[in-house]
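One structure is given below, encoded as structure tokens.
Just so it is clear: chains get the letters A, B, ... in the order the sequence lines come, proteins before strands, and each one is counted from 1.
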Amino acid sequence: MIKTKVVGLSIMASLMLGVAGAPMARAGSGDTLAAVKARGEVLCGVHPARHGFAAPDSLGKWSGFEVDFCHAIAAAVFGDASKVRFVALSSQQRFPAIQSGEVDVLARNVTATLSRDTALGLNFAPPVFYTGTGFLVRKDDGIAKIEDLDGAAICMAPGSTTERNVAQIFAARGLTYTPVVIENNKQLVDAYVTGRCDALTKDKAALPGVRAFDTEDPSAHIMLPGIYSKEPLAMAVRQGDDNWYDLVKWVTYATFNAEELGVSQDNVDEMKNSEDPDVQALLGVIGDNGAKLGVDNGWVYAIVKQVGNYKDIYMRHFGPYSPVALDRDQNALWTEGGLLYGFPMQ
Amino acid sequence: MTTISSQIATPAPTYDPHARISGTVWLKANLFGSIWQSLLTVIVAAGLIRFFWFVLDWGVINAVFYTTDPDVCRAATGACWAVIVEKHRPMLFGLYPYDEHWRLVLMMVIYLVTVVISLWPRFWNLRLLVPLWIFATLSIGALMFGGVLGLRYVATSEWGGLPLTMLLFTGTVLIGMPVAVLLALGRRAPLPVARGVSVVFIESLRGVPLITILFVAVNVFPLFLPAGMEVNKLLRITVGIAIFFACYQAEVIRGGLQAIPRGQYEAAQSLSLSYWQTTRTIILPQALRISLPAITNHIIAAMKNTSFVIIIGLFDILTATTAVMQDPLWRKFYVEAYLFVAAVYLFFGYALSLYARQVEKWIASGRI
Amino acid sequence: MPQSSLPDQTSTPVISMRNVSKWFSAFQVLHDVSLDVRKGERVVVCGPSGSGKSTLIRCINRLEAHQSGQIFVKGLEMTDNVKNIDTIRRNIGMVFQNFNLFPHLTVLENLTLGPMLTRHMKKVAAEDLAMHFLKKVRIPEQANKYPLQLSGGQQQRVAIARSLCMEPEIMLFDEPTSALDPEMIKEVLDTMIELAESGMTMIVVTHEMGFARTVADNVVFMADGRKVESAPPEDFFGNPREERTRVFLDQILKH
Amino acid sequence: MTDASPGRSGARPARNLKDILYSESFRTVIYQVALAAAVALLGFYLYQNVIANLSRQNIATGFGFLDQVAQFEIGETLIAYSSRDTYGRALLVGLINTLTVSAAGIVVATVIGFSVGIARVSTNWLLQRIATAYVEIVRNIPVILQVIFWAAVIRNLPAPRQAIELWGLGFLSNRGLTFVMPVAHAAHVWMLAALVTGIVLAAAASHLAKRHREATGRYVDMLWPSIALIAGLPLLVWLVFGAPHAISYPQRQGFNFAGGATISPEFVALMAGISLYSSGFIAEIVRAGIQATPRGQVEAARSIALRPRFILRYVVLPQALRVIVPPLTSQYVSLIKNSSIAVVIGYPDLVNIGNTVMNQTGQAVEAIAVMMMVYLIISVVTSLLMNAYNRLVAIKER
């Protein structure tokens, strides 16, 4: 029996090593766009519960900033923003899910980094949200800056860029901390709220949601000021399918450009009659942008009409009257001092 | 034959429960045999009384049974059972669309009725069971998925709560048992290659934690499929748990197979029965009867093991409860909520083991 | 090894073993055994324990595979050809020392299993057949009981009936009475005697010398895997040729 | 087994094709070749798919990532580790944490399990009932629920500032259990050495006493001398070093405690959950073991006037252990495997760290393979030890 166990062990070992040591070769690419069209819906990987970005309400309906970008893709492909199926993914599951084709696109707080672009076999669309590592702390702990966190217990999710950023931020300042790393988001937030940790670290943009929805008294918690790292959040697709990548990329730009050209959800029908050739090209009145991407020429019209331009989407979820109010800061158009710069759609 | 006869011969009871003994004799024998005994009894009884008083005090006298206002609970010194009343729907049904919860209730009724009927020997006849299961499968499928008869479509990613636990459990047993039987037969097969394959399979899966198998089912398995092919995640997870369960169950069944005397095979051979005929009519019926107690243990373990899906984010009853306990207003009453979930598991586990005991009695009396 | 056991009758034997040898790993259990059994012949095999007599008859329906020599049953050679094995087994019934009834099936189910599965009989027909043979072994009233509810003697009679339900031409008995209490031996032997009187071809491994004396046409004595002597009972008991036979008979008949 | 040695059958070689097709040995070979081919084909097919999928998407493969810098910190480490170490070392930290929490869990589970198991067969009816209820409850609640429950309990303890004080010896707070600890001193190493020496000497002395008894028939009680050796030697060393008694008391400082030693909440919750769960099974194993020694054995031992202590030592224990040890070992293995649910509450065990590594590198196949291999090795090693033990204690039967 032992012998057989050992044999089993070595067989499994060689299998695993064989898979891992296989030579790399580029193979033909799959056609995601065709697959999506055939299926009739876009499979969009989203965060299971991140207020402002993606969360199901008590009726099971998904809403959030990233959810809307999924809707935008569906609007572009089908002319119907509702043709999306949301797949909630934990941080551990997100990359295998996109790699294996379980989802067509990842709109799940993915920070675009070099190693993810290369080793993970991902392609990143332009960032839709610029943020950085943030810290949520209890007000009465008297923490005002990062140095005050020396020796603190800090709750964070495993495998996030945040986990690495914190290590660097603290090492650079010669500070120590105890990481409490929990994958399950509910357990993670619970650990902070109950006081297991002195600070909760996540993307800065995600913290107001935690404060608003998960704490008993939101005013008892504050976010540390300052930005400690670059976290450009972008939609990601598989490598090896350039057509699909192009579509996701231009859907992103389309929301930027619509805002820049003043085309919003409210006025899109009037703007269809605009004399401006840029607007005409954007809305498919002239040109064949849609055909080049393999979708209907009215794709941007569908996006703006059904989902909105970038500003519409942003204000819906982070506007001053939303629970997760956030200033636009870098997430403003380049014309307004922000970082959003849509490539020309010619 | 010895094995079967030892099954039938019930072990001699240590004491005769029907014998009338006087109370004092019983007390003396069981509680106050010696000074040390008596001392022990007194200490234990004192502790027990304190414990039960605490339970009564906390769980009944000072408890809040119904309120929608968490502050009422906070003010009370006892348990807040109101949290279960308030949150029972998300706890029991998870992410399933709120307006459609009635479908889950109906599903559970159909499920439980079907299972109870199937477990009753009186109804063991294929002309009843086959249509029943076809009806149950179809109606449960229709209720859970929707998309027919005007029911709204609900994707498997939105399933949750107790119905999900039930489906995972049922799927595990229904898929796992046949696999377990095949693996056990493989391990006892006259063909060395079949033995080798079964052994490697069983031992390598038994050597790793269930979590890693779930990781494989969720994260790695899709990579094993050709591009464009997709297997539903819930199905992958169910199959993963089922195969894990099957590897343990296979070892139990193997024990039963080993207990079958060689003469049974020889008698079957002399009647010119084929390998599969022998296995089906002679060997398996006996092996499964022999290993029934251990099989039951693993089936109960399979029910408990479904809770591991919290690690991969499936919304079974436990995951749903931890999620509900995120509500900052009710967070404090986690003990009550977890006790409720524990009670659900204890209830089903107890029901299963009671049934198993009944089956053993039926076997002993030759009814099945 | 002298070919003395070949009978002088001219009819072809239903069972013919020629120079059969068998090893259990390095240990040789059968040494060049040859044996012919004619239709209707009753052969009793006896010998000390471990002499290979059980192995001998188990080779005939291939519960054990022989490794050299040849075995013919009704002219068909027993090789590892699965078709031959199947045909031969259908023609041979076997009764075991420990009965080997199926404890999870009723007596009736034990009897109908073989006919239904291998002879594809209808259930009703198989049950009729089973009741017929249960009456023959005189326990029709036990049909719906489970084997373990019966006495040892009754169980062995059920086992005989089970074999008969396959309507074999040859019956093998592997020490059918040695697991039985003395008072039950008789009822089983009586059944066997009736069977013999009906003309069944039988090979019986047994220590019941009385049975051998009254029923056997031929008594075979085995020792150390060899066929030592084979003779009609009157010669075998009255005037054994070999010293080993004499010693054995002395030991077994003393008590 | 249906048929004996099919490989050695066949009195004579087959004569024609039909004979070959119908021969049992040929069929045996064919079935096996078919099965082997099917398994190999399936394996090859899956392998091909993985390779195709990985390379199409340009995903990194191989175990090279083990040498890359991890860039993340780990909350609890027993060996030196910083974010500049490699993924390989991070995984090693995780493995050591797995083994640590398992070892602690095994000790606790064994102590509770044996106590409850003995209570299960107690003649005291009340105690027996309580033990039974305990076993039924802890065994039938999913272990993961128990771990989450304990994690919640500990998180809901007071914050360090309001920590519960434990008789001046330590504090219980939502940061775990902090307690007094002697300040590290060179003497401690020597004391440990003295302890080991004491155990060795005690064992040797007992052995000599046994030889003496066998030679002369006179019994020398070695119980107290052994205790004296094991406890006395370290004590002596401690005195020689001048009885260093500096003790570090935990003090509230900043967010947490300074000084003393701390066991993290995750460790406590995980250990409590998995060990209580296992203790129920161990109790049943112990009960079965005790009941496996027939009464007649004890009576026989009494009839030859053995002292109670010897009855336990030479008659009851050897027989009970033979029944107890094999299932106990597999219970230990299952406890080690259960420790992997650390990932739910955030104790940095092998799976939790592996999880991070999987996320950072994106190499799910390799990271999961590493985890599975490690657990597989642990269980194989355990069963090897188990087999060795079984051979040692096996009753010689014919």
| query | Could you go step by step and tell me if A/Thr131 and A/Glu231 meet the side-chain hydrogen bond (donor to acceptor under 3.5 Å, both in side chains) rule? | reply | CA-CA 5 Å; A/Thr131 181; A/Glu231 302 269 0; over 6 Å; no

| query | Can you list the steps and then say if D/Ser340 with D/Asp349 is a side-chain hydrogen bond (donor to acceptor under 3.5 Å, both in side chains)? | reply | CA-CA 7 Å; D/Ser340 60; D/Asp349 80 324; 5.5 Å; no

Interchain contact, [X] with chain D, by part (heavy-atom threshold 4.5 Å):
{"X": "A/Arg196", "result": "both"}
{"X": "A/Tyr177", "result": "side chain"}
{"X": "A/Cys197", "result": "backbone"}
{"X": "A/Asn123", "result": "neither"}
{"X": "A/Thr118", "result": "backbone"}

| remark: For residues 347-382 of chain D, the ring pair (Phe, Tyr, Trp, His ring centres under 6.0 Å) pairs (sequence neighbours left out) are D/Phe267-D/Tyr347

| message | Run the ring-ring contact (aromatic ring centres under 6.0 Å, His included) test against D/Tyr81 and tell me which residues pass, sequence neighbours left out. | response | none

| said: For A/Tyr245, give me all partners under ring-ring contact (aromatic ring centres under 6.0 Å, His included), at least two apart in sequence or on another chain. | reply: none

| task | Flag yes if more than 12 heavy atoms outside D/Arg84 fall under 6.0 Å of its CZ atom; otherwise flag no. | result | no

Note, [X] side chain near [Y] side chain (heavy atom, < 4.5 Å):
{"X": "D/Val325", "Y": "D/Met386", "value": "yes"}
{"X": "A/Cys155", "Y": "A/Val180", "value": "yes"}
{"X": "D/Arg155", "Y": "D/Arg175", "value": "no"}
{"X": "A/Arg108", "Y": "A/Pro48", "value": "yes"}

Go through the atoms of [X] and report whether side chain, backbone, both or neither lie under 4.5 Å from a heavy atom of chain A.
{"X": "D/Thr361", "answer": "backbone"}
{"X": "D/Ala364", "answer": "side chain"}
{"X": "D/Val69", "answer": "backbone"}

| request: Using modelled atom types only, decide if a donor and an acceptor are shared between the side chain of D/Glu366 and the backbone of D/Gly62 within a distance under 3.5 Å. | output: yes

| Is there any residue in residues 145-153 of chain D with a non-hydrogen atom under 4.5 Å from a non-hydrogen atom of chain A, and which ones are they? | D/Ile148

| remark: Comparing D/Gln363, D/Glu76, D/Gln360 against chain A, the one with the most heavy-atom pairs below 4.5 Å turns out to be D/Gln360

| query | Hey, which of A/Asn165, A/Val166, A/Leu122, A/Ile182 has the most heavy atom pairs under 4.5 Å with chain D? | reply | A/Ile182

| field | Selection from A/Pro158, A/Gly101, A/Pro179 maximising heavy-atom pairs under 4.5 Å formed with chain D | value | A/Pro179

